Amino acid sequence: MTYKTGDWIPTRDAYGEALCELGEKNKKVVVFEADISKSTRTNLFGKKFPERYFNVGVAEQNEMAIAAGAAMCGKISFVSTYAVFASMRACEQVRTFVAYPHLNVKICPSHGGITPANDGVTHQGTEDLGIMRTIPGMTVLMPADANATKKLLFAAAEWDGPVYLRLTRDSVPIIYDEKTDFTIGKGILLREGKDVTIIALGDMVSKALDAANLLSTEEISAEVIDMHTIKPLDGDIILNSVKKTRTVVTVEDHQVECGLGGAVSEFLGENYPVPVRRIGFRNTFAESGEYELLLEKYGMSVKHITAGCLNSIKMKGKIR
Amino acid sequence: MQTASMRTAYGEALVEAGRENKNIVVLEADLSKATKTSLFAKAFPERFFNIGIAEQNMMSMAAGFATCGKVPFATALAVFASMRALEQVRTSVCIGNLNVKIGAPYGGLATAENGPTHQCISDINMMRGLPNMTVLAPSDAVSCKACVHWAVKHKGPVYIRILRDGEPVLYEKKEDVNIENGNRLHEGNDMAIICNGFTSHMALQAAEELTKEGMHVTVHDIFCIKPIAADVILDIAQKCKRIITVEEHNIYGGLGSAVAEVISQSRPVPLKIMGVNDYFSDSGSHKDLLERAGLTVENIIRQVKDFVE
Amino acid sequence: MEKDIQFLKDTAKELRKNILKMVCAACSGHPGGALSAAEIITALYYGEMHVDPKNPQDPDRDRFILSKGHTCPVLYSVLAMKGYFPLEELQTLRKINGRLQGHPDMNKTPGVDSTAGSLGNGLSIGIGMALMAKLDKKSYRTYVLLGCGELNEGLIWEAAMAAAKFKIDNLLAIVDYNRLQLDGTNDEVMPLEPLADKWKAFNWNVITIDGHDFNQILGAFRKAGETVNQPTVIIANTVKGKGVSFMENKVDWHGKAPNKEQLETALREIENDI
Amino acid sequence: MNKKEELERWAQLLRYDVVRMISNANSGHPGGSLSAADIAACLYFNEMNIRPDEPDWPDRDRFILSKGHAAPVLYAALARKGYFSIETLKTLRTAGSMLQGHPDIHTPGVDMTTGCLGQGLSAGCGMALSARLDKKSYRVYVMMGCGEMNEGQVWESVMSAAHFKLDNILVILDYNQLQFDGSVREVLNPGSMKKRWEGFNWNVIEINGHDINEILSSFKKAKETKDIPTVIIADTIKGRGVKFIEKDYMWHSLMDNKKFTEYAEQMREELKNADSFYADRLW
């Protein structure tokens, strides 16, 4: 199944469907669920391959450790839950029993960032990328749309070792056609520009593109990179871009500490110091509400991205 | 250098604070002899609660205590405080901005021979990502005590990363310790080292060695990694033009990352992050493990020199 | 049969000596809970499990998970005695560049089926393995040794529920019930009684035995093997530090290494069955 | 009107509020809110010692909704008690509202942030121990869901409440037998819930969770039990009161808002004509 550009689809839907395709092709794929299959969309897999599907109830730590046990027997374990629970409730199990033994456990949580907008803060995983990034041996992904989800899911299945692949609960627009290739660890240059580099991931990629469009009306050319893999970070694509633009704005549906902004700041600080503005949650928990309104309230809307770009461009003048 | 045990300092500070403040309660997960909360248990048995090996329960219980005006110190090895109970810290404690203090001994590689399952090079990151959390990492027994007392006065969640035994003593008395801004251990304009925890005394030693060779290096000991003293760091960046961060933590997400985030925003200067290079370590003596990670006086000196060129 | 039992007793003796020697050489480690499990481990590796030390990764092997990972000296000792690696290697426990980590590491040590060390996780991992045996239609069994302290962990009870739901009868959980944890007795820290009722209430088949009596241990293994559609737990009453007079039932020996002199006394006591 | 009749009306009114709120918000969890309405009515309108005009009163009884997704029933009870206006109920799950998708401690009357299952009883233990330390007589009420019985942390907290002999804590298990993915039996096969709690040394009382008299008498019995914590296992029906969603696990969260909104209107009419009690309380 592929998805038409311009349509709006939650990436968890694509995950559920792609998982079935994957299960068809690869008999080693087993799926673990923690009582929210209707929401994570693994119910599709469960229906199709009941013998390779295990619902362990509301018990995410157990789920993670069972998945590790299955991987120890040569399986490729997919773990479904919400980002808050995958990264925090079961954090130590991920670290000690998945990452440390370097097992083929693919953790694919829905409800990344504030995409469960209405559910409120307890269900909005806005710290998970940073948490996963600091666990040695972990590969951390967030696809920008349904087509990217499917491709990256297949790539994750082939990848040696643990993967964290973050999904959205709410709909995001399709920006990729079915032909685009995705390689784990290689960012995608979506739009060329010379004044500022916008590095975004997940649901914020489409916002970054909107911001770049808006900026072009003011004769500012912004380069846009989809950094779907936050770890290992694609240093080359950043360097190539920054040597040209000399300033960066990172955009993520995540806390500005520790996540994409942190990763890019670390990398540039060590390799090519230029101003970096980070757009995301500023050390605050969000709340219930409509997705777009929340982006607006917490400083992550298209408007804020464009303002951030303008500021960044100003900064670079000052520092020179 | 004289040495003292940080976890013992933690236990003693809890007793001191408990004497002054009757609202302080201590929660423990079956490791009181290791974490030294046993000292508090002895002094104030009625305010000591051993929850058994159940760190998640402990964190949420602490949250319950806090809603009733208590100042709970929940204590667990850094690896369990930061990872086994992470979601409880977030949901039960941080979202409500509750007055829970988390004491986390055996941070970094300090559990040494116990191996990677018990070592913890990710806790600073885990805690730093949580809104409302204050993250402290003292560098010796004296600053550890200062952190405990500071945490009692601070309203809101605080995570204190503590090491184990035999840490060199850097400070004379706890009043000397500036928790919010950190302490300047050495002055110089050629380069800056920003450090914390067990690496601070190494950085100081490295700076002293380098002075003999005519290089003048600023060494700044940071206790509070979140919120980090951005002004202080920017001043250092302005003055020294180059910064090396040193920490007993993963190079991703810790002190280095916090400094990178600050300087990249307003004063991008070249940075080098020294720490554990994103790997699971091994069983071995603490000294051996630090050596493998490149966290030695010699290597700091080498890195400073390389960085100049 | 009697001859077999005598052989097992002698083997357990050897195992205890190795535990103490390696912990002494490392100057750190956890002897108490290693000694309490000596008979159980001996019975597993010499009387129950199908394993091939020459082929530690054999996909059809029985699996063993030491969920109470801190007591790994007992596991390393038995693995060395079975020939997974040389006995001399026991001297490298907890040393840098060694294969014998302070807590078990499945990628470093031949014969270690699962990483362990942070308490409470082993049963879940075992369930994963047992489910995969069923999925792959393999006949291997999975054995999980739990400590009593770790039964405080909620994760254990999550796993207990899941094992019952999936009717996992190809997994055997054994509780090394020595009634001591780091901070004191179970009763002081977090009482576990009525322990058998707890497991029964989670729909488990429960067998209670003396964990130092080989006849009872082997009998329980047999009964567990015959139980279908329900997971079995053996609650093995044991003595922490068993075999060494000054360590028995002493909480202080949970995580302390004996010095040379203490080692000599201990070895003598074990040799002479004092 | 006697006590029972009055509480039945409050419960019915809370159900109405729940239906209206969720229909307004166009999202939320009706099933588990409705099953808990009778218990919530008994707690807030008869049992608990609280001061709506002084939500932080240190001596108040505490209530923790551990099954936080059932927030609408809690918000309804709080509004009806006067912690905030009935108007506020219309803002459920909208940006800037004090009524979050899951309970937030900053909302007046909410004693603990919940929503991530399994944490409520632990927090309750902390409160109950604080009461004992401070020699205060307040009680702590924790309402749990049957799905969250899967969480290991629940059993950690169950163990510690028994260990610390917390007789000032009362757990009410809203045992509606359904969780997100199906029946508790399908998802995680609990066996006898009573035996499980007894195995952890708790006093267990089983009741019909929709029978006001049974609820009230179980509260009384719990209070009289010393040195051991009590759990009331309340047999309930998920979605109780809204016929077309009763016992349907698919209605754990909102499925069809058109149908639901129509029902809210219908309910409004029915209540308006039923009794003078409802007349000036409907919105």
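Just so you know, these numbers come straight off a predicted model, no measurement behind them. Letters go in sequence order (proteins before strands), and every chain restarts at 1.
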Ring-ring centroid check C/W204 C/W199, cutoff 6.0 Å
yes
If you count heavy-atom pairs under 4.5 Å with chain C, which of D/M193, D/K195, D/M159 comes out on top?
D/M159
At a 4.5 Å cut-off on heavy atoms, which part of D/M149 comes close to chain C: side chain, backbone, both, or neither?
backbone
Side chain from CB out, backbone as N, CA, C, O: work out which of these in C/L151 comes under 4.5 Å of a heavy atom of chain D, or both, or neither.
backbone
Is D/E151 in contact with chain C via its backbone, its side chain, both, or neither, using a 4.5 Å heavy-atom distance?
both
Kindly write out the residues that satisfy side-chain contact (heavy atoms from CB on, under 4.5 Å) with D/Y138, not counting sequence neighbours, or none if the list is empty.
B/C68, D/D61, D/R62, D/S130, D/A131, D/K136, D/V140
Nearest heavy-atom approach of D/A36 to D/M143 is CB-SD, 3.6 Å
Out of C/N237, C/T238, C/N249, which one pairs with C/R179 under the side chain to side chain donor-acceptor pair (under 3.5 Å) rule?
C/N237
Region of C/E153 in contact with chain D, defined by heavy-atom distances below 4.5 Å:
both
Under a 4.5 Å heavy-atom cutoff, which of C/D197, C/L195, C/N152, C/L192 has the most pairs with chain D?
C/N152
N/O donor-acceptor pair under 3.5 Å between C/D213 side chain and C/Q216 backbone
yes
Quiz question: by atom type and distance under 3.5 Å, do the side chains of D/S35 and D/D174 form a donor-acceptor pair?
yes
Picking from C/W157, C/F202, C/F166, which has the most non-hydrogen pairs under 4.5 angstrom with chain D?
C/F202
Given salt bridge (Lys or Arg N to Asp or Glu O under 4.0 Å), test D/E186 with C/K165 step by step and report yes or no.
CA-CA 8 Å; D/E186 281 159 15; C/K165 168 187 169 168; over 6 Å; no
With respect to chain D, which residue among C/I156, C/V189, C/D187 yields the maximal number of heavy-atom pairs within a distance under 4.5 Å?
C/V189
Chain C contacts, top residue of D/S157, D/S192, D/S160 (heavy-atom pairs, under 4.5 Å):
D/S160
